[in-house]
Amino acid sequence: MKILNIYQENELLVFEFDQTIDNIVNVYIKNEFDELSFTQTNVKNQFKINLSEVLETFSQYDRETIFFLLEKSDGITQSIQKVNVKKYKYDIQNFETIINDEATITPYLTKNGIIQFTLKPQLPVSTYFARRHIDKIIINNKQAFLKGKFSIQNSTLEYANIIITSRLSEKFIEIPLEPIIFNVYKSLNSISYDFEVDIIEELKQFLKDEFDSEDIIDIFLNIKVKEFKNIIEVKLGNPRIMVERFAKGEVSIDVNHSVKTAVPYFTMKGRNLSFRINEYAKEDYEAYKKLMHDYPTLIKNNLNKNKVWVVGEKSYKAQDNGYHFFKYMRMEHPEEEVYYVIDRNSDERKK
């Protein structure tokens, strides 16, 4: 199999085809409206492409995809074709985005291994990242254990990390992973990895910080591949059905006279793993834990008594489904004993 090396040094993209190939003439960068041609350097079958020049030429057109073509000739016949790296023993390093004013250009591989360029401001995660899912999750005050898999395509893994961060702050904690190859799919040029990690100590450490009352903790999977200079960042999620169904528990820490907790849940839209942050006075939290411990006995002893509805959302909120349900019950069923739980200092209490 012939060799192909491709590497990027800032705005310069270098192609080095196997020197035993004798029929390579030029390479072309083109779309439906324009094209640029590049001849070999003084080194046989080596081509150097200035991406700033390419960007200046093609950014004027309303097309996001630009094609890379290789011209071959045996002196009689001529062919111009796309370059599929799967036909070579290839090595690619450090593709990155070049920016000129508000225009951008990024070299990349398609799922089929074709070299192309995009003028999109952000390269889709799916270019090198195939999928991820959670196989097992255990959350309590002794462990925050996560086990799962992720797959990459057309790329070579350098390292992977778990990132604990929050939506309303710039704080984060990075946890190295030690992924193990689970399967290799040669026809798809894809590799699947197993990982497992216990993030309990880092999660407790992260909880010690101050948070906005509406903040949420998110868990990211950060992956670095040799072919792309930037980190690939995806939210950790897509749990197995039984994992999502039975996910429960919480992590708690004592902070002065209060207790902070992180309670796991999976987001509705992306089914990504997140944690709600709650803070309670110690005596309130202890009363709550005692109530939950005694709950089965309380239910058994009060089966024949009047029902009481207790509705709530976040401690400071009165605007989502819970509030509208409470309002409906008070208006349509005033005979029922219905209570809405909210922080006495909340601005929404007056509703």
Side-chain angles (χ1 to χ4, degrees), residues 125-126 129-152 157 159-169 171-183 190-209 211 214-224 231-255 259-280 285 288-289 292-293 295-296 313-315:
V125 169
S126 59
F129 183 83
R131 62 185 64 87
R132 82 282 186 261
H133 57 77
I134 299 175
D135 295 324
K136 187 175 183 179
I137 177 172
I138 302 174
I139 303 294
N140 54 50
N141 232 30
K142 294 183 179 179
Q143 61 178 326
F145 177 78
L146 304 173
K147 177 179 173 63
K149 293 181 179 66
F150 67 86
S151 300
I152 59 174
L157 182 67
Y159 60 83
N161 296 319
I162 290 290
I163 303 295
I164 303 175
T165 186
S166 77
R167 299 179 188 179
L168 302 180
S169 77
K171 300 185 287 285
F172 70 91
I173 291 180
E174 188 174 82
I175 306 163
L177 284 180
E178 297 181 0
I180 299 172
I181 293 178
F182 172 72
N183 210 339
S190 174
I191 303 176
S192 178
Y193 292 86
D194 265 330
F195 71 89
E196 57 181 59
V197 63
D198 187 351
I199 63 172
I200 186 66
E201 295 302 325
E202 291 83 0
L203 192 54
K204 286 185 174 181
Q205 180 64 36
F206 194 74
L207 267 179
K208 293 179 181 179
D209 285 321
F211 296 94
E214 297 189 27
D215 211 350
I216 297 288
I217 292 175
D218 287 321
I219 309 297
F220 283 86
L221 179 62
N222 277 15
I223 294 172
K224 177 65 177 70
I231 298 292
I232 300 168
E233 182 178 84
V234 293
K235 287 186 175 181
L236 186 62
N238 193 25
R240 300 297 190 186
I241 293 175
M242 299 306 289
V243 171
E244 184 173 12
R245 182 175 179 182
F246 293 105
K248 58 182 180 179
E250 68 176 16
V251 174
S252 65
I253 61 169
D254 291 345
V255 181
V259 175
K260 276 187 177 181
T261 66
V263 181
Y265 73 99
F266 290 98
T267 61
M268 290 290 291
K269 185 177 180 180
R271 296 173 66 232
N272 298 314
L273 177 62
S274 296
F275 290 81
R276 292 188 180 90
I277 305 169
N278 303 307
E279 187 166 0
Y280 310 92
Y285 184 73
Y288 161 74
K289 296 296 285 186
M292 296 305 295
H293 180 269
Y295 183 73
E313 299 163 57
K314 291 185 178 180
S315 60

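Computed from a predicted model, the values in this text were never measured in an experiment.
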Pair up each side-chain donor or acceptor in residues 245-255 with any protein partner under 3.5 Å, not counting sequence neighbours, and list the distances.
residue, atom, partner, partner atom, Å
E250, OE2, Y285, OH, 2.3
S252, OG, N141, OD1, 3.4
S252, OG, N141, ND2, 3.3

Side-chain heavy atoms of [X] within contact of [Y], under 4.5 Å:
X    : Y    : answer
V263 : Y265 : no
K171 : F211 : yes
K208 : Q205 : yes
F275 : I139 : yes
I152 : I232 : no
I181 : Y193 : yes
L157 : P179 : yes
L221 : L177 : yes

Rounded at 0.5 Å granularity, tell me how far [atom1] in [X] sits from [atom2] in [Y].
X    : Y    : atom1 : atom2 : result
D209 : I173 : CG    : CD1   : 7.5 Å
N161 : I163 : CG    : CD1   : 5.5 Å
K260 : F206 : NZ    : CZ    : 9.5 Å
I200 : I138 : CD1   : CD1   : 11.5 Å
L273 : F266 : CG    : CZ    : 5.0 Å
I223 : I231 : CD1   : CD1   : 9.5 Å

Query - Heavy-atom closest contact (I164 atom, L203 atom, distance) - result: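 Heavy atoms of I164 and L203 come nearest at CD1-N, 3.9 Å.
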**Report entry** A262 versus P264, closest heavy-atom pair with distance
**Finding:** O-CD, 3.9 Å
Query raised in the report: For E279, does the CD atom sit with more than 12 other heavy atoms under 6.0 Å from it, leaving out its own atoms?
Result: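 Enclosed.
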Donor-acceptor contact present, side-chain [X] to main-chain [Y], <3.5 Å:
X    : Y    : result
R167 : D218 : no
T267 : R271 : yes
S151 : R131 : no

Query - Derivation of the side chain to side chain contact (heavy atoms under 4.5 Å, CB included) call for N238 and R132 - result: CA-CA 7 Å; N238 193 25; R132 82 282 186 261; 3.1 Å; yes
Identify every side-chain donor-acceptor pair in residues 143-150 under 3.5 Å, counting partners at least two apart or on other chains, and give the distances.
residue, atom, partner, partner atom, Å
K149, NZ, D135, OD2, 3.0
K149, NZ, D194, OD1, 3.4

